[in-house]
Amino acid sequence: MSGPDDKKPIDFIRTIIEQDIERNLNGGRVVTRFPPEPNGMLHIGHAKSICLNFGIATQYSNARCHLRFDDTNPEKEEMAYIHSIQEDVRWLGFDWGSHLYFASDYFGRLYELAEVLIQKGMAYVCSLCAEDMRTYRGTLTQPGQESPYRSRSVAENLAMFRAMRAGEYPDGSHTLRAKISMASPNINMRDPTLYRIRRAHHHQTKDAWCIYPTYDYTHCISDALEGITHSLCTLEFEDHRPLYDWILDQLKEEIGCHPQQIEFSRLELEFTVMSKRILTTLVQQRHVSGWDDPRLPTIAGLRRRGYTPASIRNFCSLIGITKAPNHVEMALLENCLREDLEINAPRAMAVLDPLRVVLENLPEDHLEELMVANHSQSEAFGTRMVPLTREIFIERDDFAENPPKGYKRLVLGGEVRLRHAYVIRCERVTRNPQTQAIETLHCQVDWATMNKAPEGRKVKGVIHWVSAQRHGKAHVHLYDRLFSVPQPTDNKGGGTFLDHINPGSLTVLADRPVEESLARAQLGEHFQFERLGYFCLDSCDSKPGHLVFNRSVSLRDSWAKGEKKA
RNA sequence: UGGGCCGUCGCCAAGCGGUAAGGCACCGGAUUUUGAUUCCGGUAUACCUAGGUUCGAAUCCUAGCGGCCCAGCCA
């Protein structure tokens with residue numbers, strides 16, 4: 001791995017870790033973990049966490065990072081996500097080596113430790129139904145009430161918990177709860193649930209269990225069993241830290257390892273959503289084509305859109321790690337991609353809105369095979385052949401009848417350079433007799449201008465083109481932001497995120513002329529279509545003979561910017 | 001309104017008592033066969049506000065103000 005993402009920034013978490021290393025805490029070892037729940041696909045917010053956790057593991061000498069599936073809720077989880085998550089982490093460029101774990105690996109140990117808690121009088125079986133438990137919990141401002149089952153004897157608790165495990169009770173009839181304090185101002189400490197009865201088939205443990213441990217009980221113990229030193233999570237778990245610590249404190253003799261939980265703020269990106277629930281809704285209600293829809297901030301979507309692992313890693317490095325709420329602009333992400341592809345994408349030409357041009361001083365059968373550079377800054381990209389013929393296509397907005405001030409492209413009677421080829425002059429236009437729309441431009445090439453500046457005048461404009469007689473065809477997908485407002489989930493004035501979906505987020509252009517060489521493009525391969533943007537061959541819809549290009553990101557366009565202002 | 005957390009340029013973000021880094025965005029200008037890239041230059045007397053401590057405060061203290069999270073047998 002090389003590139004800008006190698007510059008490791010020092011954030012408050014790394015500062016803590018470096019202090020811990022210096023003080024020889026944990027024998028100088030650093031063990032982190034990335035703990036996804038397999039109930040959806042990963043998104044750019046997860047990438048932030050992945051880059052943090054795995055980044056730390058690669059950066060310090062005595063360090064490693066585990067991939068652990070937090071699979072304690074079988075009803076919502078699927079095997080398919082377990083595969084896609086691993087694929088995404090690997091694609092981002094990270095490796096967990098042999099350290100692949102499942103929280104469900106620890107179900108046996110977790111159960112034993114629950115009995116230990118019961119024996120210590122620190123947990124009890126509660127027979128309140130869900131609704132009653134909510135009432136007993138109290139509110140933000142009022143303390144809760146103790147469950148009437150709170151004082152069951154150790155023996156009774158043990159017997160009942162064993163019966164729960166043995167399947168002697170119906171789903172939801174009892175829970176195992178920690179005995180902490182119903183008066184705690186922290187609601188998470190008001191006797192939180194540790195185990196619930198759920199007859200659900202688990203993707204890993206199959207039907208071995210009918211009781212499942214909760215996140216709060218499972219996570220801290222899983223961390224401790226794996227010898228995690230720094231358990232990094234997002235801010236919403238800050239209120240859970242006292243519980244994380246409480247459980248491990250009770251089990252000090254049994255486990256003897258107490259990882260440090262440190263929280264950082266989650267990533268918010270403008271004009272999109274990061275909530276798994278909302279992403280799932282968008283997919284299920286078909287507002288997008290699937291989890292890998294190129295408009296989605298999922299790793300799969302970004303990959304299909306044309307984002308590169310390096311660009312995403314660089315982005316994660318640039319946004320930093322803090323506890324402050326942050327809403328990062330899309331422009332930063334886009335810039336990271338441009339920065340990568342500017343150096344790494346070969347160039348090609350395509351015309352998205354074609355206007356026919358006849359080069360009248362070329363013979364009908366003119367065929368000039370131009371060898372052009374695949375990258376004007378780097379010879380390593382080699383060359384390709386681009387055929388020049390009498391008829392070509394140029395971009396419709398590269399010609400103007402009434403040019404705005406400062407227009408550098410083609411006008412009637414004016415000159416422009418055809419990229420990699422000659423300077424041409426536009427002599428006249430012909431129109432559609434019905435609509436009066438311009439149909440064809442009639443131009444003359446200046447033979448003296450191949451690889452040479454024209455004599456006695458300056459030609460400022462350069463436009464791209466494709467032969468009308470020898471070209472390939474491609475469908476081109478143009479993407480815009482999925483939502484029309486910066487924070488689609490902020491609905492203070494009523495409504496939902498669905499009200500902010502941008503109806504113009506996808507534009508499909510069919511059968512556009514592209515240069516012949518693109519027929520050899522590989523799935524997922526990146527190109528810069530000169531003067532237009534970066535595109536990548538769609539890994540899903542593209543087939544041999546049927547090219548589909550996704551626009552990953554447009555080029556910067558200071559002209560369009562000025563135009564908009566005028 | 002109980003508890004937890006946060007507040008430095010339009011957006012991220014350094015800074016940890018010695019006089020406001022950097023990136024993105026934006027605005028100029030140079031070079032350019034991509035109006036791209038590259039290159040130069042500009043952009044917070046100011047760090048939520050008000051007091052205080054100090055020779056000196058974004059950094060320490062006090063009081064306010066604003067924002068985010070928490071009442072799943074979700075994670």
Could I get the full list of ring-ring contact (aromatic ring centres under 6.0 Å, His included) partners for His202(A), not counting sequence neighbours? Phe107(A), Tyr212(A)
Does G22(B) pair with anything, Watson-Crick or G-U wobble, both distances under 3.5 Å, and if so, with which nucleotide? C12(B)
If the P atom of C12(B) is compared with that of C69(B), how far apart are they to the nearest Å? 16 Å
With heavy atoms under 4.0 Å as the rule, sort Tyr195(A) into base, sugar-phosphate or nothing. nothing
Look at the side chain of Asn335(A) and decide which nucleotide, out of C24(B), A71(B), C74(B), has an atom nearest to it. C24(B)
Over all strands shown, is Cys129(A) touching base, sugar-phosphate only, or nothing at heavy-atom distances under 4.0 angstrom? base
Nearest-angstrom distance from the residue atom CE of Met133(A) to P of A71(B): 14 Å
Partner of G72(B) under the Watson-Crick or G-U wobble criteria, both distances under 3.5 Å, comes out as none
Has Arg165(A) got its NZ or CZ under 6.0 Å from the middle of the six-membered ring of Tyr111(A), at an angle within 45 degrees of the ring axis? yes
Keeping the roles fixed (side chain from Thr135(A), backbone from Glu131(A)), state whether a donor-acceptor pair exists under 3.5 Å. yes
Sequence neighbours excluded, the answer for ring-ring contact (aromatic ring centres under 6.0 Å, His included) partners of His46(A) is His43(A)
C1'-based separation of G10(B) from A25(B) [nearest Å]: 7 Å
Residues 321-331 of chain A, side-chain donor-acceptor partners within the protein, below 3.5 Å, at least two apart:
unit_1: Thr322(A); atom_1: OG1; unit_2: Ala324(A); atom_2: N; d: 3.2
unit_1: Lys323(A); atom_1: NZ; unit_2: Glu238(A); atom_2: OE2; d: 2.6
unit_1: Asn326(A); atom_1: ND2; unit_2: Ser265(A); atom_2: OG; d: 3.2
unit_1: Asn326(A); atom_1: ND2; unit_2: Arg266(A); atom_2: O; d: 3.4
unit_1: Asn326(A); atom_1: ND2; unit_2: Ala324(A); atom_2: O; d: 3.2

Using the C1' atom in both, what is the distance from U45(B) to G35(B), to the nearest Å? 38 Å
Rounded C1' spacing from U53(B) to A63(B) in Å: 15 Å
Does the side chain of Arg196(A) get closer than 4.0 angstrom to OP1 or OP2 of A75(B) through an N or O atom? yes
For G23(B), glycosidic torsion class - syn if within 90° of 0, otherwise anti: anti
Test item: Ser317(A) side-chain N/O and Arg313(A) main-chain N/O as donor-acceptor pair under 3.5 Å: no
Can you figure out which of A71(B), G4(B), C74(B) approaches the side chain of Arg198(A) most closely? C74(B)
Mind calculating the distance between CZ (Arg277(A)) and C1' (G72(B)) to the nearest angstrom? 14 Å
Inter-nucleotide P distance (U59(B), C70(B)), Å rounded: 31 Å
Under the ring-ring contact (aromatic ring centres under 6.0 Å, His included) test, which residues partner Phe271(A), sequence neighbours left out? none
Tell me whether the OP1 or OP2 atom of G72(B) has a side-chain N or O from Thr214(A) closer than 4.0 Å. no
Contact class for Leu128(A) vs. all strands (heavy atom < 4.0 Å): base, sugar-phosphate, or nothing? base
For atom C1', what is the distance between C26(B) and G67(B), given to the nearest Å? 26 Å
Of the candidate nucleotides A75(B), G72(B), A13(B), which contains the atom at the shortest distance from the side chain of Asp70(A)? A75(B)
Can a side-chain donor-acceptor contact be found between Tyr124(A) and Asp191(A) if the only test is distance below 3.5 angstrom? yes
Out of Arg417(A), Arg531(A), Arg419(A), which one pairs with Asp398(A) under the salt bridge (charged side-chain N to carboxylate O under 4.0 Å, His left out) rule? Arg531(A)
No-hydrogen, no-angle side-chain donor-acceptor test under 3.5 Å, Arg196(A) and Thr72(A): no
For C60(B) and U8(B), measure between their P atoms and round to the nearest Å. 15 Å
Consider the side chain of Thr141(A), meaning its heavy atoms from C-beta on, and name the nucleotide among A75(B), A71(B), U1(B) that approaches it most closely. U1(B)
Strictly by Watson-Crick or wobble contacts shorter than 3.5 Å, is anything paired with C60(B), and which nucleotide is it? G52(B)
Residue-phosphate contact under 4.0 Å: Thr139(A) side-chain N/O, A71(B) OP1/OP2: no
Within the 3.5 Å criterion, strictly below it, is a donor on Gln528(A) or Glu530(A) matched to an acceptor on the partner's side chain? no
Heavy-atom protein contacts under 4.0 Å, nucleotides 29-44 of chain B, coded B base, S sugar-phosphate only, - none: ----BBBBB-------
Can you tell me how far the CD1 atom of Ile44(A) sits from the CD1 atom of Ile319(A), to the nearest 0.5 Å? 7.0 Å
Per-nucleotide protein contact string for nucleotides 5-11 of chain B (B base, S sugar-phosphate only, - none; heavy atom under 4.0 Å): SS---BS
Looking only at the side chain of Thr193(A) (C-beta and beyond, no hydrogens), which of the listed nucleotides A71(B), C73(B), A75(B) gets closest? C73(B)
Whom does G66(B) pair with, Watson-Crick or G-U wobble, provided both distances fall under 3.5 Å? C6(B)
May I have the distance from Asp11(A) (atom CG) to A21(B) (atom C1'), rounded to whole angstrom? 16 Å
What's the CG-P distance between Leu52(A) and A13(B), to the nearest Å? 13 Å
Mate of G41(B) where both pairing distances stay under 3.5 Å, Watson-Crick or G-U: C27(B)
